[in-house]
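Here the structure comes first, spelled out in structure tokens, and everything after it is commentary.
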Amino acid sequence: MTPDRLSPVAAAIERPSGRIPEATRHYQKHFQDLQGLYQDEAAFAAMLPEWQDQVVYEVWEHKASTATGDLIFGTSVMRPGRVGEEFFMTSGHQHQLADRAETYYCLAGTGVMLMEHPDGTLETREWVPGTLVYVPPYWIHRSVNTGSSDLVTLFTYSSDAGQNYDLLRQNGGLQQCVVRDDAPPGWRLRPNPRYQASF
């Protein structure tokens, strides 16, 4: 089927699981897959025997094509939890074609989108159900679940965008981490001692 003759799709999003039966791809990230992501390596190691095979987050996505101008849509579902003081989070990425933007609409739960621009600017935007976060071109972004229930977001981005995960590994993550705090809203930023910008 040529990119200019794709079929329309009406996709159901199951609540509260976030599952999309019409998805063309589904993948899961287990706790053991996230080794090296968190600052507190001792806390991660202590949790590993019990948590290693448990799913921390999963993604359902629909990709009709990789053609420029087409869109990918899907859901991300992240469990609640912490490693030490740091909340569960995604690996994070910049798009392979960095000039591509993305949107995330919160369907359930509470969380934070942590974003960093190559010029060093860091921004956060909070999610509650009904909130849409727009991630502009070039920004590295990472989803963080700061609540006590699943964080479910609906995302949309360009089909040709791709993901660059290596940049965060090279940088040692983002310059700040989202950690628990006793004062509202229940989280704060803390400097990441492993951060080394490689832009």
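It should be emphasised that the depicted structure is a prediction, and the values quoted were computed from it without experimental measurement. All residue numbers in this chain count up from 1 along the given sequence.
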- prompt: Only one of Leu174, Val112, Val179, Val178 forms a side-chain contact (heavy atoms from CB on, under 4.5 Å) with Leu189, so which one is it?
  reply: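 So, applying the side-chain contact (heavy atoms from CB on, under 4.5 Å) to Leu189 and each of Leu174, Val112, Val179, Val178, only Val178 qualifies.
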query: What pairs with Val83 under side chain to side chain contact (heavy atoms under 4.5 Å, CB included), at least two apart in sequence or on another chain?
result: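 Result, side chain to side chain contact (heavy atoms under 4.5 Å, CB included) vs Val83: Phe31, Tyr38, Ala43, Phe44, Met47, Phe88.
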- request: Sequence neighbours left out, what passes side chain to side chain contact (heavy atoms under 4.5 Å, CB included) with Ser148? Give chain and number order.
  value: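 Residues passing side chain to side chain contact (heavy atoms under 4.5 Å, CB included) with Ser148: none at all.
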With sequence neighbours excluded, residues passing side-chain hydrogen bond (donor to acceptor under 3.5 Å, both in side chains) with [X]:
{"X": "Ser17", "result": "none"}
{"X": "His26", "result": "Glu58"}
{"X": "Gln32", "result": "Asp53"}
{"X": "Glu126", "result": "Trp187"}

query: Using links of under 4.5 Å between side-chain heavy atoms of ILVMFWY residues, direct or through other members, which residues join Trp60 in one cluster?
result: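 Reading the cluster by chain and number, Trp60 sits alongside Ile13, Ile20, Val77, Tyr105, Leu107, Leu132, Tyr134, Val152, Leu154.
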Check: [Y] and [X] side chains under 4.5 Å, non-hydrogen atoms:
{"X": "Thr146", "Y": "Leu151", "answer": "no"}
{"X": "Arg125", "Y": "Met115", "answer": "yes"}
{"X": "Leu34", "Y": "Tyr57", "answer": "yes"}
{"X": "Thr110", "Y": "Trp127", "answer": "no"}
{"X": "Leu37", "Y": "Met89", "answer": "yes"}

- prompt: Between Ile140 and Leu122, is there a shared hydrophobic cluster once you connect ILVMFWY residues whose side-chain heavy atoms come closer than 4.5 Å?
  reply: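 Same cluster.
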- request: Check the hydrophobic clustering (I, L, V, M, F, W, Y; side-chain heavy atoms under 4.5 Å; chains of links allowed) and say if Val135 and Phe73 are grouped together.
  value: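 No, Val135 does not connect to Phe73 through the hydrophobic network.
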message: Walk me through whether Thr156 and Ile72 qualify under side-chain contact (heavy atoms from CB on, under 4.5 Å).
response: CA-CA 6 Å; Thr156 305; Ile72 293 173; over 6 Å; no
- prompt: Any luck finding a side-chain donor-acceptor pair between Tyr104 and Thr75 under 3.5 Å?
  reply: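 No, no side-chain donor-acceptor pair sits under 3.5 Å.
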message: Looking only at the side chains, is there a donor atom on one of Glu116 and Tyr138 sitting less than 3.5 Å from an acceptor on the other?
response: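 No donor-acceptor contact under 3.5 Å links the two side chains.
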field: salt bridge (Lys or Arg N to Asp or Glu O under 4.0 Å) against Asp33, all qualifying residues, sequence neighbours excluded
entry: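 Result, salt bridge (Lys or Arg N to Asp or Glu O under 4.0 Å) vs Asp33: none returned.
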- prompt: Partners of Asp40 by salt bridge (Lys or Arg N to Asp or Glu O under 4.0 Å), sequence neighbours excluded?
  reply: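 Counting only residues at least two positions away or on another chain, Asp40 forms no salt bridge (Lys or Arg N to Asp or Glu O under 4.0 Å).
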Please collect all salt bridge (Lys or Arg N to Asp or Glu O under 4.0 Å) contacts where either partner lies in [range], sequence neighbours excluded, each pair once.
{"range": "residues 85-114", "answer": "Glu85-Arg180, Arg100-Asp160"}
{"range": "residues 139-148", "answer": "none"}
{"range": "residues 17-30", "answer": "Glu14-Arg19, Arg25-Glu61"}

How far apart are the closest heavy atoms of [X] and [Y], and which atoms are they?
{"X": "Gly120", "Y": "Gln175", "answer": "O-NE2, 2.8 Å"}
{"X": "Pro21", "Y": "Ala12", "answer": "CD-O, 3.4 Å"}
{"X": "Pro80", "Y": "Gly147", "answer": "CB-O, 3.5 Å"}
{"X": "Trp139", "Y": "Thr121", "answer": "CZ3-O, 3.6 Å"}
{"X": "Tyr165", "Y": "Ser91", "answer": "CD2-CB, 4.4 Å"}
{"X": "Pro191", "Y": "Pro193", "answer": "O-CD, 3.3 Å"}

Gap between atom [atom2] of [Y] and atom [atom1] of [X] - 0.5 Å precision:
{"X": "Arg188", "Y": "Asp182", "atom1": "CZ", "atom2": "CG", "answer": "9.5 Å"}
{"X": "Met113", "Y": "Thr131", "atom1": "CE", "atom2": "OG1", "answer": "12.0 Å"}
{"X": "Gln196", "Y": "Arg194", "atom1": "CD", "atom2": "CZ", "answer": "11.0 Å"}
{"X": "Ser158", "Y": "Leu71", "atom1": "OG", "atom2": "CG", "answer": "6.0 Å"}
{"X": "Leu168", "Y": "Gln163", "atom1": "CG", "atom2": "CD", "answer": "12.0 Å"}

Quick one: does [X]'s side chain have a donor or acceptor within less than 3.5 Å of a partner on [Y]'s backbone?
{"X": "Thr103", "Y": "Phe155", "result": "no"}
{"X": "Thr90", "Y": "Ser143", "result": "yes"}
{"X": "His93", "Y": "His95", "result": "no"}
{"X": "Asn145", "Y": "Met78", "result": "yes"}

message: Run His62 and Val9 through side-chain contact (heavy atoms from CB on, under 4.5 Å) and show every step you take.
response: CA-CA 9 Å; His62 185 278; Val9 172; 3.8 Å; yes
